[in-house]
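This one's a predicted model, so the numbers in the text were calculated from it and none came from an experiment. First listed ligand is number 1; within each ligand, the first listed atom is number 1.
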Amino acid sequence: MIYPQFNECRQYHDLSGIWKFQFDPNNQGLNENWMNHFPKSHRFIAVPASWNDQFEDFRDYVDIAWYKTQFHLPWGYKQKKILLRFGSIHYFAQVWLNGSLVGHHEGGNLPFQFDVTSLVRESQNNLVLRVDGALSALSVPPGNVTPHPLDTFQNNTYPSVNFDFFPFCGVQRPVFLLAVPEHGFIDITITSKLLPQDNAQVQLQIQLDSTIATQLDVHLSDLEKEIRTNIFQLPSSTEMVIEVPNAKLWSPESPFLYQLDLRLKQDAITFDHIQLPVGIREIRANSNGLFLNNQRITLKGFGRHEDFPILGRGSNPAVLIKDLSLMKWVGANSFRTSHYPYSEDTMALADKMGFLVIDETPSVGLFFEETGLAARFKLSLDFIKDLIERDKNHPCVFCWSIANEPHSARPNALHYLKEMIAFAKQLDSTRLVSFASFRNYDEEALHFCDLICLNRYLGWYSYPGCLSEASVNLSQDLDSIFKKFQKPILLTEFGADALAGHHAQPPEMFSEEYQSLLIAAYLDLLNTKQYIIGQHIWTLCDFKTAQAIHRIGGLNLKGVFTRDRRPKLAAHLLKKAWNPS
Ligand code: BDP
C-alpha cells in the first residue's frame with residue numbers, strides 16, 4: 001500500500017477534525033439504521049484521538065461507538081480513482097459511505113483503504129463508521145481472557161486486558177480521502193546492497209498497472225542519470241537495479257536519504273508519480289554483535305508507547321516530535337514500537353532523524369492452545385504481512401518483532417512461533433526477525449530468532465529493592481542464554497517505576513533515586529558483556545494502563561520522563577551515560 005502522496009498525479013485530503021459521535025452500549029445502531037439516520041442526540045468528538053479521555057463518562061468503555069462526518073469532493077478529484085484510507089481504527093471498523101457498506105477491517109494499528117469511486121458524490125458525502133473496541137480470546141491482542149495456570153502474570157485489570165497498557169479505542173490516526181490515477185503504480189519495494197569501494201546498489205521491485213503506460217522514468221536524487229525504460233518490455237511486476245557510486249550511507253549519526261522519483265508516462269505525459277525517500281544501509285547480526293554498514297553498533301534507546309493525556313493513542317505531530325527529540329537529547333539511537341505498529345509519521349520521522357527501529361506487530365499477550373487459537377494465529381500472520389508491506393521501505397527498520405512476551409510455556413507455542421518467524425523471514429530476507437521474550441534459557445523459540453530480545457525485571461518484580469542480588473542473577477541469566485543460543489542479545493526492557501518527585505535516601509522502590517540506580521546497575525553490567533548489542537530502557541515516558549492494584553493512578557511509572565514529558569533523575573543519568581564527553 002503506497003503511502004498518500006501529494007503531487008501532480010496524486011492528492012489527498014485530510015478528513016481529520018470534529019466529527020459526530022454516538023456511544024452504542026446496547027448495540028442498537030445496526031437495527032436502528034444509524035448509517036443512514038445518525039442519532040440526533042449525538043455528541044462531538046475529535047478525530048484522530050482515542051475516545052476514552054475526551055469525555056468524563058466513558059473512559060473505561062471499550063465497546064461499540066459510531067462516528068459520522070460529511071465532506072465534499074475536492075476540486076480536481078472528479079476524474080480520479082477515489083479511495084478512503086484509515087491510518088488506524090481500534091479495534092474492529094465497519095465503514096458506510098452514503099448509506100452503502102464499503103467494507104470492514106479488524107486490527108487496531110495498521111492502515112486500510114477502500115475504493116469508493118462508484119459511491120462518492122460531488123457534494124454532501126456522508127461517511128459513517130461503527131467501531132467496536134471490544135477485545136476477546138479471538139482478537140489480537142486478546143482481551144477478557146481468563147489467565148491460564150501456566151502464565152506467569154495473572155492479569156486482573158479493569159478494563160480486562162492481557163497486556164499492560166490502556167486499551168484505547170477509536171479513530172486514532174488520520175482519515176484521508178485519496179485521489180489516485182486509475183492506472184498506475186500498485187506497489188514498490190526498495191532494498192539496497194553495499195558493494196566494494198563505497199559503491200552500492202538500490203534494487204527496485206515495481207508493481208504497476210501497465211495498461212496505458214508507454215514509459216517508466218526512474219530518478220534517484222544526487223545521481224546524474226535518469227533511467228528510462230520502454231514500458232512495452234515491462235511486465236506488471238518488474239525489477240530494476242540502480243548503481244550508486246560513492247554511496248552516502250544511512251545511519252543514526254548520518255541519516256542520509258536519497259529521493260527516488262518514479263514516473264509513469266503515456267506518450268510523454270506523466271500520469272502517475274511516486275516519490276519515496278531511500279536510505280542505503282545494510283544490517284546483519286552474529287554472535288560477535290550487530291553490524292550496520294559493516295561497523296559494529298550498540299543500540300541505546302527505549303521501549304515506548306503511543307500515549308498522551310487526552311489524546312490517548314491518537315497521533316499528534318507535536319507529541320511525536322517531542323518524543324523523538326527527547327530521545328535524541330538523551331543520546332538514544334534506537335527504539336522499539338512496543339507493542340504494536342506505530343503511526344506512519346513515526347516511521348518517516350525515524351528515517352529522517354536517524355533511529356534504528358524494532359518494528360513490532362500487535363501480537364502482545366498472545367497465548368497458545370485454548371479457545372480461538374486458529375483465529376489468533378491467522379490474525380498474527382495477517383498483521384505480520386500488513387506491517388511488512390507498510391514499513392518495508394523504511395531504512396530505520398532493522399528488525400521485525402513478531403510478538404511481545406508470548407505465553408510460550410504452553411506446549412503448542414514453539415510450533416506457532418516458529419511459523420510466525422519463518423513467515424516474516426520469507427516476506428523480508430533483508431532484516432532481522434525476533435520477538436521479545438520474558439522467559440529464560442528454556443525459551444526454545446529463540447533458536448529461530450536472528451537476535452535475542454529479552455525483557456528483564458530483576459530488582460523490580462523479582463529481587464525487589466535488592467540491586468546487588470539482581471545484578472548477580474541477571475549476569476548468570478544472560479550468560480546462560482548466550483551460552484545456549486550463541487546469538488547477540490538485546491535487552492528490550494528493563495526499568496523500575498518511579499513516582500516523579502518522590503525521593504528517598506537510602507533509595508527505595510518507587511523513588512527517582514531507585515529507578516536511576518537500577519538503570520545504572522544494568523548499564524554497568526551490560527557494558528561488560530561482549531554479546532550484548534544494546535539496551536532499551538522500559539520506558540521513555542510514563543503511560544496509562546488499565547486499573548490494577550500495582551498501577552498507581554492507572555499509570556505505569558517506569559518512564560524516565562513523566563507522561564507530560566518532564567525528565568526524572570534517570571533521564572539525566574542516561575544523558576551522561578550515553579553521551580560520554
Ligand atoms: C513487561 C511488558 C510491558 C510492561 C512491563 C511492566 O512487556 O508491556 O509494561 O512488563 O510491567 O513484561 O512494566
Side-chain angles (χ1 to χ4, degrees), residues 108-109 135 140-143 145 147-148 150-157 159-168 301-307 313 335-342 358-367 401-409 417 434-440 443 445-446 452-465 470 474 477 490-500 509-510 514-515 518-519 522 535-563 568 570:
N109 314 91
L135 298 177
V140 173
V145 177
H148 186 279
L150 279 176
D151 290 345
T152 324
F153 291 107
Q154 303 284 319
N155 279 340
N156 187 11
T157 66
S160 170
V161 285
N162 287 45
F163 44 79
D164 183 41
F165 52 91
F166 194 86
F168 285 114
F302 297 90
R304 304 176 49 219
H305 267 294
E306 290 187 324
D307 172 278
R313 192 143 295 124
F335 64 88
R336 175 169 60 121
T337 71
S338 41
H339 299 306
Y340 39 79
Y342 286 4
I358 301 182
D359 207 355
E360 191 157 280
T361 70
S363 296
V364 56
L366 265 197
F367 58 100
S401 165
I402 52 110
N404 181 67
E405 299 190 350
H407 295 256
S408 50
L417 289 171
S434 190
F435 69 94
S437 167
F438 67 119
R439 297 181 57 77
N440 302 320
E443 180 83 280
L446 297 179
I452 293 182
C453 294
L454 299 177
N455 297 350
R456 288 296 184 262
Y457 287 96
L458 295 89
W460 191 255
Y461 295 120
S462 62
Y463 307 101
L474 176 64
D477 168 33
L490 168 66
L491 235 62
T492 30
E493 287 187 26
F494 60 97
D497 287 66
L499 193 56
M509 292 174 79
F510 289 98
Y514 187 80
Q515 182 190 40
L518 182 144
I519 290 174
Y522 271 68
Q535 32 198 263
H536 277 182
I537 317 290
W538 190 254
T539 70
L540 182 69
C541 303
D542 293 345
F543 61 91
K544 182 140 189 63
T545 64
Q547 295 173 66
I549 190 72
H550 60 299
R551 291 287 170 252
I552 303 166
L555 292 174
N556 183 313
L557 299 172
K558 294 196 183 67
V560 301
F561 294 88
T562 60
R563 200 175 181 218
K568 300 181 191 171

Where's the contact between [X] and ligand 1, heavy-atom distance under 4.0 Å: side chain, backbone, both or neither?
| X | value |
| --- | --- |
| Y461 | side chain |
| R551 | side chain |
| N556 | side chain |
| F438 | neither |
| T539 | neither |
| T545 | neither |

Hey, which atoms in ligand 1 end up nearer than 4.0 Å to a heavy atom of [X]?
| X | result |
| --- | --- |
| H339 | 3 (C), 7 (O), 8 (O) |
| N455 | 7 (O) |
| F543 | 9 (O) |
| N404 | 7 (O) |
| K558 | 6 (C), 11 (O), 13 (O) |

### Query
Any cation-pi pair here, R304 with F335, using under 6.0 Å and within 45°?
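That pair qualifies as a cation-pi contact.
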
### Query
According to the interplanar angle, ranging from 0 to 90°, do the rings of Y514 and W460 count as parallel (below 30°), tilted (30 to 60°) or perpendicular (above 60°)?
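The arrangement is tilted - the two ring planes meet at 30° to 60°.
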
Identified side-chain hydrogen bond (donor to acceptor under 3.5 Å, both in side chains) partner of [X] from the options [options]:
| X | options | answer |
| --- | --- | --- |
| N455 | H536, R439, E405 | E405 |
| Y340 | E306, E360, H305 | H305 |
| D497 | Q515, K558, H550 | K558 |

Nearest heavy-atom pair of [X] and [Y]: which atoms, and what distance?
| X | Y | value |
| --- | --- | --- |
| Y342 | R336 | OH-O, 3.8 Å |
| G559 | D542 | N-OD1, 2.9 Å |
| S401 | I358 | CB-CG2, 3.6 Å |

### Message
Within the supplied structure, the quantity of interest is the number of heavy atoms (other residues, nucleotides, ligands) at a distance under 6.0 Å from Y463 OH; does it exceed 12?
### Response
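Atom OH in Y463 is not crowded, with 12 or fewer foreign heavy atoms closer than 6.0 Å.
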
### Query
Does an N or O anywhere in D164 fall below 3.5 Å from an N or O of ligand 1?
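Among all N and O atoms of D164, at least one is under 3.5 Å from an N or O of ligand 1.
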
### Query
Y457 near ligand 1, heavy-atom distance under 4.0 Å?
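Contact present.
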
